[in-house]
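Down below is the structure, laid out as structure tokens.
Side chains are part of it too, since the values below use all heavy atoms of this structure and drop only hydrogens, waters and symmetry mates.
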Amino acid sequence: MSIEITTSLNSAVYEDALAIRKEVFVQEQHVPADMEVDSDEGRAIYFVAYDTDHRAEGTVRLVPDEKGVGDVQRMAVRQNYRHHGIGRVLLGAVADYAEKNAYSQLLLHAQVHAIPFYEKLGYQLTDRPEFLDAGIRHREMIKPLSNEVK
């Protein structure tokens, strides 16, 4: 497996990320298509996992803020590739990138069923109560980072 990163909305990596998101969120989870692509598209850093045949397996995006916090969004793994460690590898790549770029923490909105997965990777629930996003139950989670430039 390899991870490719891009900020270009004109790249094949971004197109692969978008295709995975549409498959997982729009088709599987019935998120309205007009909610899936948003105003953060142009600010985000996209991570895509590829198998040895260069098929896109999963994606996540990172949206930086001015306070040194990285907002982890749109985590999605194609159904046939789930439970093979792809999400763990993607989030590891995000954490490595964030630490190298002196982010202080990562923040994400986890679908409630996925909270144990994120907890295993060092994310902790915040005090924010459960909320709905696109009709799906979520909780806010954070992961403190070492904040050392490498």
Side-chain angles (χ1 to χ4, degrees), residues 1-33 35-65 68-126 133-134 136-150:
M1 176 184 343
S2 64
I3 304 292
E4 294 188 26
I5 303 170
T6 191
T7 56
S8 172
L9 301 184
N10 296 314
S11 70
V13 173
Y14 172 73
E15 291 300 322
D16 287 340
L18 203 54
I20 293 167
R21 288 167 41 193
K22 286 181 180 178
E23 183 179 314
V24 172
F25 297 125
V26 177
Q27 294 171 6
E28 279 183 48
Q29 298 182 351
H30 308 292
V31 171
M35 288 181 71
E36 180 46 36
V37 175
D38 64 15
S39 61
D40 284 337
E41 294 297 312
R43 305 186 317 118
I45 303 151
Y46 298 89
F47 298 74
V48 177
Y50 292 92
D51 68 11
T52 54
D53 294 324
H54 206 260
R55 286 183 296 239
E57 305 169 324
T59 188
V60 65
R61 76 179 186 185
L62 178 64
V63 179
D65 78 2
V69 176
D71 194 356
V72 179
Q73 304 175 350
R74 305 301 200 271
M75 175 74 184
V77 175
R78 287 193 158 127
Q79 194 167 30
N80 292 343
Y81 292 102
R82 291 180 194 149
H83 307 290
H84 296 285
I86 294 161
R88 179 184 46 76
V89 172
L90 279 165
L91 289 174
V94 167
D96 288 347
Y97 178 93
E99 287 184 340
K100 287 176 184 169
N101 288 279
Y103 289 49
S104 61
Q105 66 182 354
L106 296 172
L107 175 131
L108 61 79
H109 295 158
Q111 291 185 11
V112 169
H113 71 86
I115 289 171
F117 165 74
Y118 292 114
E119 287 176 329
K120 289 178 189 171
L121 298 175
Y123 288 84
Q124 306 157 357
L125 289 169
T126 69
D133 186 6
I136 301 169
R137 296 170 41 225
H138 285 75
R139 285 289 310 269
E140 184 177 78
M141 301 184 82
I142 61 166
K143 178 178 182 168
L145 299 174
S146 66
N147 202 21
E148 295 175 16
V149 179
K150 295 182 180 180

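Between the Arg21 side chain and the Ala76 main chain, no donor and acceptor come within less than 3.5 Å of each other.
Phe47 contributes atom CZ, which lies 11.5 Å from atom CE of Met75 (distance to the nearest 0.5 angstrom). Rounding to the nearest 0.5 angstrom, the gap separating the CG atom in Leu106 from the CE atom in Met141 is 12.0 Å. In this structure, CG in Asp133 is found 8.5 Å from CD in Gln111, a value given to the nearest 0.5 Å. Put simply, CG on Leu62 and CG on Leu108 are 10.5 Å apart, with the number rounded to the nearest 0.5 Å.
Contact of the Ile5 side chain with the Ile45 side chain is registered, since non-hydrogen atoms from C-beta on lie closer than 4.5 Å. Counting only heavy atoms from C-beta outward, the side chains of Glu140 and Leu107 approach each other to under 4.5 Å.
Residues satisfying the side-chain contact (heavy atoms from CB on, under 4.5 Å) criterion with Asp53, sequence neighbours excluded, are Asp51, Arg55. Looking at residues two or more places apart in sequence or on another chain, you find a side-chain contact (heavy atoms from CB on, under 4.5 Å) between His54 and Glu4, Tyr50.
When every heavy atom of Arg61 is checked against every heavy atom of Ala44, the shortest pair comes out as CD-CB, 3.8 Å. Smallest separation of non-hydrogen atoms from Val94 and Val60: CG2-CG1, 3.5 Å.
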Under the criterion side chain to side chain donor-acceptor pair (under 3.5 Å), I'd like the reasoning laid out for Glu15 against Tyr46: C-alpha separation, chi angles, the key distance, then a yes or no.
CA-CA 10 Å; Glu15 291 300 322; Tyr46 298 89; over 6 Å; no
Under the side chain to side chain contact (heavy atoms under 4.5 Å, CB included) rule, what do Asp40 and Gln73 come out as? Steps first, then yes or no, please.
CA-CA 10 Å; Asp40 284 337; Gln73 304 175 350; 3.4 Å; yes
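Contact check on Lys22 versus Glu36 returns no salt bridge, with no Lys/Arg side-chain nitrogen under 4.0 Å from an Asp/Glu carboxylate oxygen.
Checking His113, Gln29, His109 one by one against Ile136, the side chain to side chain contact (heavy atoms under 4.5 Å, CB included) holds for a single residue, Gln29.
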